[in-house]
Structure formats: C-alpha cells, structure tokens
Amino acid sequence: MAAVLPNTIPGTALPGLARALVQAGRLTLPQADTLQKKASADKAGFIDTLLGSSSIDAKSLAVFCAETFGYPLLDLASFSQDALPVNAIDPKLMQAQRVIALARRGNKLSVALSDPTNTQALDQIKFQSESTVEPVIVAHDTLLALLATIAKSAEQDLSELAGEEGDIEFAEEEAPTQAAEAAAAAEVEDAPIVRFLNKVLMDAITLGASDIHFEPYEKQYRIRLRVDGVLRDHLAPPLSIRDKLVSRIKVLAKLDISEKRVPQDGRMRLVLSPTKTIDFRVSTLPTLFGEKTVMRILDATQAQMGIDALGYDPDQKALLIDAITRPYGMVLVTGPTGSGKTVSLYSCLNLLNKPGINISTAEDPAEINLPGVNQVNVNERAGLTFPIALKAFLRQDPDIIMVGEIRDLETADIAIKAAQTGHMVFSTLHTNDAPSTLTRLMNMGVAPFNIASSVILITAQRLARRLCTCKQPLDIGRDTLKAAGFRDTDFDGDWKPYGPVGCERCLGSGYKGRVGIYQIMPITPAIEALILGHGNAMQIAAQAEAEGVNSLRRSGLLKVKQGLTSLEEVLGCTNE
C-alpha cells in the first residue's frame, strides 16, 4: 500500500518526487526549485536532472522511493530480459514514460519504474493494458540501461524484416504466372510483416492520425502519419520490405497483388473489440521506386460526436439546426479537402436519423457507415453517377438526400429540383467561403432564381489545430492583434492570446486535436435579391457581414480569444 504524500509546500510548484525529497530533508527547498527550473529549461525529466547534479545516487534514490511510497524494491540488474512479458505495454509508451512490464499474473501487471509519482504513466498503462498496475521501484540507471537494450532489440527485429541484404533490381514487368501469384500470397503472410503492419495501424489509431503514408524512395522507405492535419515522420523501415508490406495491405484491402502498374483503391476493416471497428480506405499509386500506399482512417464514432463537439458558436449552431430541420431546401457545406465537411454532414444526418425519416446518400466513396441511412457508392465505370443516383433516390420516397459533392450542372440541377419539390438536400462544394459558393453555382450554369428558391443556408469551414493544455499566454501588442483583424471591442477585459509550448501529451507540437472554424450564412431576402440581380461574391459578402455573419477569419479570431487555438494557426488557415 503506497504511502500518502504530505501536503504541498506553500508557494511552490514542485513535482511529487521533489516535494517528497524536500519534506524528508534530502533536499532543501531552494535546491529542489533550482533543479526543477533546470529540468524545465533543458526539457528533461526531474529525476535525470537530480541524478546529474550528484545530490543523490540512483541506488539511494530507489531505496528512498521504496520506503517513502511503500512499493517493493527490485534490483533490475539481476532480472533477465527473456522473462519479461511480450507486448504487455506498447513499446512507444514504455520508452516515453520509462517503464517496463515485469510480470503478468491474471489481471495484475507488475511494472518497474524509478519515479513512483509518475501517475500519468501508471494511468496510461492501466488504460492501455486493461490491467491493475502494481508498481515496483528500480534504480534509474539500470532502468535506462534495460530500456536501451530493449530498444536495440526492437531495431534488430525490424532490420531482420529486410531479409537478405543486397540492392533491389528492377526487372521488366511481365504477366505474373499462377506460381508467382501463389508465392506472393504466401509471402504477405510472413509473420514479421503482419506484426509490423499491425503495429503501424495501432500507432496511427492511438495517435489519432487521419492518414498513413507508406512512401518508397530510391534509398529509403518512409512511413508518415497525418496527425491534426500535419504529416509527421513515424518510422523508417528497411527499404527491402516495401513489396511485402504493400502486398500485405493489398491482400487485406482485397486488391490485386500482382498488378503494380496502375493505381488501385480498396477498403479494409480492423476489429478492435466486439463494439469497436475502424475502417481504412486504401489507395495505391505506382511511383519511380515502388508503390506508394495511403490509408485513410475512417472512424464512425466521429459522426456520432454530435454537433456540440464540432466547435460551432451558440448562434451558429442555432442557425444550422434551424436550417437542417426544415421540411425542404438545400444546405451546402463548403471548404477545401480535409476541412471536415464530411464529418459535419454526417453529424447533421446523425441528428436527423430517426425511424420516421428516409435518408439516402450518394458518395464517392461512402467514408463512414451510418446505420439507418441508405448509402450508395458512386461508380462511374459501372455507369452509376451522381445524377443517376439522384434520379433513383427521387423514386425511393426520400425525406433527406445527401450528395457527396456537386461537381457539374446536371448534378446541381437535379439536387435543386429535389430541394424545390419537398426534400431536404445536403451537399458540398469546394469554394473558399460561403458567398463565393453562390457565384460558383451561377458560373456552373444554375439559374439565379433556382438558387434563390432552393438554397437556405451555406456553411464554410476550416479545421485549426487546437492548443494543448500546455499552452501559455503570449505578449502580443495590440497593434499586431488589430492588424490580424481584431476590433477595438475585442479588447474588453484582461485577456491574452495563447501560444503552443509542447509536452509529452502533444508530442512536443503544442497542439492536440482540432477545432472547427465556421462561417454560417443563411440566405435572407436581401441576399436572395442580390442573387436574382446576379450579384458577385463581394456584394454578397458585404451584405452578409451587414447582417451579422462572421467571416472565417473573424470566427477564427474569436477562437483565439477563447484560448482554443493560436493566432498563427488561424492566420494560416483563413484568408482575409
């Protein structure tokens, strides 16, 4: 049973271990404060800085921790690495938090660590392993030595994936024989490749990635993850595993493993638990040095977050809900690729998905499965286009129709006619903001009176990275803030914009997750008059602003004032 720490020392912000050492008289308060500040400046752990100062040695510190906190003490130097339970703790978590799983007994997991106050590590292990964690104190130097040995073994296992050493030779493509196809199929069941791919997929899901990129180059093979909209290097496996890895992915996605000359698209599903599955959309592309593969992670729980979780301001949310709950009309969502349009539409559909409502969607392709919604994948090669799907929907007694994207005049005409004949229609376009969406429809050839009589609301959106909890206020001058777009009325009260710092939780980036920035523009009688008069985007934008519609930049600046994101992030994803 762990001992209870005494009360916090007044006027200090010391970590738990430093506080315990001060209270036991092993360090003075100024010493502990100096060590903590040095650790923060060096971006190092307190325990590393402590041992580096020679204030105490690793063995004495381990004895102190065991006695003070009531945990068992173990000499890790005499512990065999072969006796450690395999895969009990994720390797990245183990190295990041400096912990090692020692033994598993039923639902109990013994974990070696040198800092018993690292409750974050214990909580993460408990969550990841679904076990009761029993801490064991070990000396910090022996712990680091064993962690280094384990990491070296993992690198050696990875290098063994390469098989025989040697340069890759590119031969002229020939039609594969049945024997070659059978050999390729057997090759992709290679156990190390299977384990390696499973690890990459689980890493991506754990980090909240939206895409996984497998990229072959002349002298290297790179795996990157897109986390919070930014690509990050993740792994650099041996170049010679590229064909085996791509073949394994192709088998799972039901693609032709013998065809390497043309792009292919497919899907696969990873079952995490009886109630949790993750879908992947797979795309392969022949490049100079092999096939590049990109996997888009499709998590159906995103569509079930609800509108409240998407980041709409209260007045924006009220306008959106009022529009989507009308009996007929058209609601358009616009923004660039990767701005969250699909999740926004699915969230609206999920809100409206009730037993008495018939909902049909035409998508290219359907990214997230929504039970109770009739989802159709557009297949142009088979002749199933957006217009054909829409015409079929109108014969299926629909209440709500969603068109994945309005790409041409024919699709736009059918969608608008559906909105005019008693159906609610949702769709997306690729435009910069809400006002330019109306001029885009006119440029496509849609008659202005059809636009004015069918479109009831347009929402433009962007996704900005959300600041992590490690954020800190910045001293930015008022002139700089006003140049960015802040108004004099925004400076009421004492507030400062926040900026990113970086910690273990956000992997040093300063950002964790994303927040939506929205421009919600209802089509009012004044805007209808501008549409009928062939008004341009600037005139429509001016009228919308006069009616209280915030631009994307303005909405983003309000998120900065709320401390949700940084000024730099808003300036980077919005135009003014």
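Both backbone and side-chain heavy atoms feed into the values below; hydrogens, waters and symmetry mates do not.
- Among all heavy-atom pairs drawn from Gly335 and His430, the shortest one is O-ND1, 3.4 Å.
- Annotation for Glu545: atom CD does not count as buried by contact number, only 12 or fewer foreign heavy atoms lying within 6.0 Å.
- Side-chain contact between Leu567 and Leu481: present, with at least one pair of heavy atoms (C-beta onward) separated by less than 4.5 Å.
- A heavy-atom distance below 4.5 Å is found between the side chains of Ile205 and Leu270.
- Note that CD1 of Ile458 and CG of Asp433 are 9.5 Å apart. Values are rounded to the nearest 0.5 Å.
- Using modelled atom types, one side-chain atom of Thr284 and one backbone atom of Gln264 make a donor-acceptor pair closer than 3.5 Å.
- Atoms CD1 and CG, from Ile357 and Leu349 in turn, are 11.5 Å apart once rounded to the nearest 0.5 Å.
- In this structure, Phe426 and Thr361 have side chains that are not in contact, with every pair of non-hydrogen atoms separated by 4.5 Å or more.
- Without hydrogens or angle criteria, Glu569 side chain to Arg466 main chain gives no donor-acceptor distance under 3.5 Å.
- Remark: Phe486 CZ to Lys561 NZ distance equals 8.0 Å, nearest 0.5 Å.
- Inspection of the Gln396 and Asn358 side chains reveals no N or O donor paired with an N or O acceptor under 3.5 Å.
- Under a 3.5 Å cut-off, the side chain of Gln316 and the backbone N or O of Asp313 do form a donor-acceptor pair.
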**Message:** Run Phe280 and Ile249 through side-chain contact (heavy atoms from CB on, under 4.5 Å) and show every step you take.
**Reply:** CA-CA 10 Å; Phe280 296 85; Ile249 295 171; over 6 Å; no
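- With hydrogens and angles ignored, the 3.5 Å screen pairs a side-chain donor or acceptor of Glu259 with a backbone N or O of Arg261.
- Judged purely by atom type and a 3.5 angstrom limit, Thr439 uses its side chain to pair as donor or acceptor with the backbone of Ser436.
- For Asp322 and Arg326, the salt-bridge test passes: some basic side-chain N is under 4.0 Å from an acidic carboxylate O.
- In terms of heavy atoms, Ile406 sits closest to Ala412 at CG2-CB, 3.6 Å.
- In this structure, the side chains of Cys468 and Tyr511 stay at 4.5 Å or more apart for every pair of heavy atoms.
- Here CG of Leu463 is found 8.5 Å from SG of Cys573. Values are rounded to the nearest 0.5 Å.
- Looking at Arg232 and Ser509, their side chains do bring a donor and an acceptor atom within 3.5 Å of each other.
- There is no side-chain donor-acceptor pair under 3.5 Å between Asn350 and Ser347.
- Proximity of a side-chain donor or acceptor of Trp495 to a complementary backbone N or O of Asp490 within less than 3.5 Å is detected.
- Side-chain atoms of Gln543 and Glu547 form a donor-acceptor pair, as typed in the model, at a separation below 3.5 Å.
- Counting all heavy atoms, side chain and backbone alike, Val560 lies closest to Pro497 at CG1-CB, 3.9 Å.
- Between Tyr312 and Tyr518, the angle of the ring planes stays under 30°, which puts this pair in the parallel group of the 30/60° scheme.
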**Request:** Mind running side-chain contact (heavy atoms from CB on, under 4.5 Å) on Asn379 and Asn377 for me, showing each step along the way?
**Result:** CA-CA 6 Å; Asn379 187 341; Asn377 272 336; over 6 Å; no
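- Of the possible polar contacts, none joining the Lys559 side chain to the Val570 backbone as a donor-acceptor pair under 3.5 Å is found.
- Pairing each heavy atom of Gly510 with each of Cys470, the nearest pair is CA-SG, 4.4 Å.
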**Request:** Could you walk me through whether Lys391 and Glu410 pass salt bridge (Lys or Arg N to Asp or Glu O under 4.0 Å), step by step?
**Result:** CA-CA 11 Å; Lys391 291 176 182 176; Glu410 186 180 8; 3.8 Å; yes
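- Judged by distance alone, with hydrogens and angles left aside, the side-chain atoms of His423 form a donor-acceptor pair with the main-chain N or O of Ala418 at under 3.5 Å.
- Residues Ile193 and Leu245 have side chains in contact (heavy-atom distance under 4.5 Å, counting atoms from C-beta outward).
- Between Phe386 and Ile414 there is no side-chain heavy-atom pair separated by less than 4.5 Å.
- Without hydrogens or angle criteria, Thr431 side chain to Thr334 main chain gives no donor-acceptor distance under 3.5 Å.
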**Request:** Would you sort out whether Val333 and Gln461 count as a side-chain contact (heavy atoms from CB on, under 4.5 Å), showing the intermediate values?
**Result:** CA-CA 8 Å; Val333 180; Gln461 64 184 68; 3.5 Å; yes
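- In terms of modelled atom types and a separation under 3.5 Å, the side chain of Asp228 and the main chain of Gly513 share a donor-acceptor contact.
- Taking CG from Leu332 and CZ from Arg440, the interatomic distance works out to 11.0 Å, rounded to the nearest 0.5 Å.
- Rounding to the nearest 0.5 Å places OG of Ser551 at 10.5 Å from CD1 of Ile517.
- Proximity of Ile456 to Val331: side-chain heavy atoms (C-beta onward) are separated by under 4.5 Å at one or more points.
- Glu291 pairs with exactly one of Lys244, Arg242, Lys260, Lys250 by the salt bridge (Lys or Arg N to Asp or Glu O under 4.0 Å) rule, that one being Lys250.
- Annotation: side chain of Leu441 is not in contact with side chain of Asn450 (no heavy-atom distance under 4.5 Å).
- Residue-environment remark: NZ (Lys199) exceeds the threshold of 12 foreign heavy atoms within 6.0 Å.
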**Request:** Quick one: do Phe214 and Leu197 satisfy side-chain contact (heavy atoms from CB on, under 4.5 Å)? Show the steps, please.
**Result:** CA-CA 11 Å; Phe214 300 84; Leu197 179 59; 4.0 Å; yes
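- Applying the 6.0 Å contact sphere to CD of Glu568 captures no more than 12 heavy atoms from other residues, nucleotides or ligands.
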**Thr411 vs Asp408, side-chain hydrogen bond (donor to acceptor under 3.5 Å, both in side chains): CA-CA, chis, key distance, verdict** = CA-CA 6 Å; Thr411 305; Asp408 50 49; 2.7 Å; yes
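- Across Ser427 and Val403, no two heavy atoms sit closer than the pair OG-O, 2.9 Å.
- The two residues Pro237 and Ile223 have their closest heavy-atom pair at CG-CD1, 3.9 Å.
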